[in-house]
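As structure tokens, the structure follows; a few thoughts come after it.
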There are 2 protein chains.
Amino acid sequence: MNPADGAMPVRDEAQDDRAQAIRDALHDAIVERRLAPGAKLVETEVGELFEVSRTVVRASLQMLAFEGLVKIERNRGAFVAHPTPDEARQIFESRRVIEPEIAERATERLTDADIERFQAHLKEEARLLAERGPNARRAAIKASGEYHLLLASVAANQILERFMRELIARSSLVIALYGQSGASSCARPEHADILDALIARDGKKAADAIRHHIDHIEEDLDYKVVASAPLRHVLRL
Amino acid sequence: MNPADGAMPVRDEAQDDRAQAIRDALHDAIVERRLAPGAKLVETEVGELFEVSRTVVRASLQMLAFEGLVKIERNRGAFVAHPTPDEARQIFESRRVIEPEIAERATERLTDADIERFQAHLKEEARLLAERGPNARRAAIKASGEYHLLLASVAANQILERFMRELIARSSLVIALYGQSGASSCARPEHADILDALIARDGKKAADAIRHHIDHIEEDLDYKVVASAPLRHVLRL
DNA sequence: AGCGATCAAATTGTATGCAATCTGACGATG
DNA sequence: CATCGTCAGATTGCATACAATTTGATCGCT
């Protein structure tokens with residue numbers, strides 16, 4: 001996979017060159033877990049890093065807040081989201097609603113070029129899983145999510161694709177918080193299974209494969225074990 | 001239905017009291033078709049109406065842009081969205097993916113209080129359809145959308161509910177642009193049929209009823225007849 | 001020491017000023 | 001008369017200044 005496409009702009013047309021760039025950078029940092037859930041994002045600090053005023057930073061933070069990756073509390077600031085177990089369940093329920101349908105639609109539209117992209121991606125995923133070290137692990141997590149986004153792009157529905165982008169990013173946060181083994185579900189060859197169903201043009205099978213895959217991801221979670229308590233949310237504030 | 005709940009704030013917790021209020025007002029104006037697709041929203045103008053600075057207005061417009069109700073073009077300003085036929089198809093495809101599943105989940109969670117809310121809403125819808133005049137028509141359109149949101153709220157998934165809110169609002173724009181008879185689909189007793197299936201606890205039947213309902217809404221559209229051309233989008237810019 | 005009030009530093013919320021850009025009009029030129 | 005260039009007005013993009021709010025610390029009192 002092209003190493004430059006990590007940004008993957010959310011809006012069709014660039015509207016705020018700079019705000020969008022900052023959003024992308026923060027988005028990646030959150031998804032790759034370089035920014036922990038609950039971390040505070042101070043406007044002036046971010047602004048100095050990117051050499052822009054707070055105005056632009058605020059726009060970026062608002063974007064991330066809309067996507068659910070950041071939570072803005074009035075007069076207190078912006079924090080990397082810290083999904084509750086309940087939110088986590090809703091995220092996966094939403095994925096169970098949307099992704100199987102996306103898979104069915106993707107089956108009908110899959111081109112040879114798409115297949116090549118999938119295969120190249122699978123190869124890259126395997127390579128990252130074989131590597132050791134935290135950076136490889138981070139890259140593997142990110143690549144795993146991008147597989148699902150690749151699937152969404154094939155379905156040719158920009159709205160559902162955007163919904164998926166949000167759900168994938170938030171899933172990454174959930175896994176960071178509640179994931180157990182961290183890699184057990186990723187190690188399964190389920191991504192390859194899904195691709196097989198697509199190539200066979202079997203929509204039902206592809207949808208089922210996705211459902212099972214989501215089941216397995218969620219099975220690896222333990223909502224009891226909260227690594228870093230969000231302090232304020234624990235007491236339902 | 002409570003006449004004060006038209007705003008229906010998008011974000012769980014109030015974050016920008018004022019920006020949110022302006023967003024709600026503009027949202028209602030767009031959904032009720034007091035603001036035509038393509039209309040320009042000048043920052044200073046809106047700001048004077050609500051007696052706030054452009055800063056706050058910009059935040060509101062950004063919110064609406066994220067929901068797809070407003071399109072912001074760099075250095076040109078914010079315009080009420082003007083969905084293309086292709087976008088319209090994607091909106092309804094997305095609804096076909098999400099709403100039947102919402103109906104199934106709602107079936108499992110429906111309480112007596114919910115049923116009463118539905119019935120009160122149906123009564124109000126019937127009343128508005130019987131009335132004449134553009135204001136009654138507007139209110140009927142809005143109420144029709146709110147029925148679907150009521151359904152979404154029963155499903156107890158805030159994420160899917162938010163997705164639905166966006167899709168319903170954008171559907172309203174699509175119907176404004178491409179709707180033919182304007183009321184044929186609304187006149188059908190399909191909302192009541194859906195409620196019957198819910199009460200019968202028949203998830204499959206409810207899902208089918210929703211699917212048929214969406215089919216009928218879309219059948220009433222004619223993508224050929226574009227009332228007010230968006231000029232710039234016609235030529236794929 | 002424990003407790004509470006007051007204050008200062010840090011941070012966000014909002015308004016406003018200036019620069020950049022777009023738009024439409026006017027006028028010069030062929 | 002048509003066409004193009006220039007310019008003024010309007011509008012947005014961005015930075016910055018000031019107000020409001022939160023937060024943590026210090027000091028005094030019991």
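All of these numbers come straight from a predicted model, not from anything done at the bench. Values below: every heavy atom of this structure, side chains too, minus hydrogens, waters and symmetry copies. Residue numbering restarts at 1 for every chain, and letters A, B, ... go by the order of the sequence lines.
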Exercise. Under 4.0 Å: is that the gap between some side-chain N or O of Arg54(B) and OP1 or OP2 of dC18(C)?
Worked result: no
Exercise. Cut-off 3.5 Å, side chains only: do Glu99(A) and His148(A) have a donor facing an acceptor?
Worked result: yes
For this session: Would you kindly give the CD-to-C1' distance between Gln62(A) and dG13(D), to the nearest whole Å?
Result: 15 Å
Check the interface with nucleotides 8-10 of chain D: list each N/O to N/O pair with the protein under 3.5 Å, or write none.
none

Problem set entry | Side-chain N or O of Arg58(B) closer than 4.0 Å to phosphate OP1/OP2 of dT11(D) | no
Exercise. Could you give the CG-to-P distance, from Asn75(B) to dT23(C), as a whole number of Å?
Worked result: 9 Å
Exercise. Are Ser171(B) and Arg95(B) linked by a side-chain donor-acceptor pair shorter than 3.5 Å?
Worked result: yes
For this session: Rounded to the nearest angstrom, tell me the gap between atom CG in Leu61(A) and atom C1' in dT12(C).
Result: 11 Å
Exercise. In whole angstroms, how far is the P atom of dT23(C) from the CD atom of Glu73(B)?
Worked result: 9 Å
Problem set entry | side chain to side chain donor-acceptor pair (under 3.5 Å) assessment of Tyr223(A) paired with Glu218(A) | CA-CA 10 Å; Tyr223(A) 295 138; Glu218(A) 200 171 7; 3.3 Å; yes
Exercise. Gln180(A) and Asp220(A): side-chain donor and acceptor closer than 3.5 Å?
Worked result: no
For this session: Residues of residues 42-50 of chain A with any non-hydrogen atom less than 4.0 angstrom from an atom of DNA chain D: list those, numerically ordered, please.
Result: none
Exercise. Do Asp86(A) and Gln90(A) have side-chain N/O donor and acceptor atoms under 3.5 Å apart?
Worked result: yes
Exercise. How close or far is atom P of dT12(D) from atom NZ of Lys71(B), stated in whole angstroms?
Worked result: 17 Å
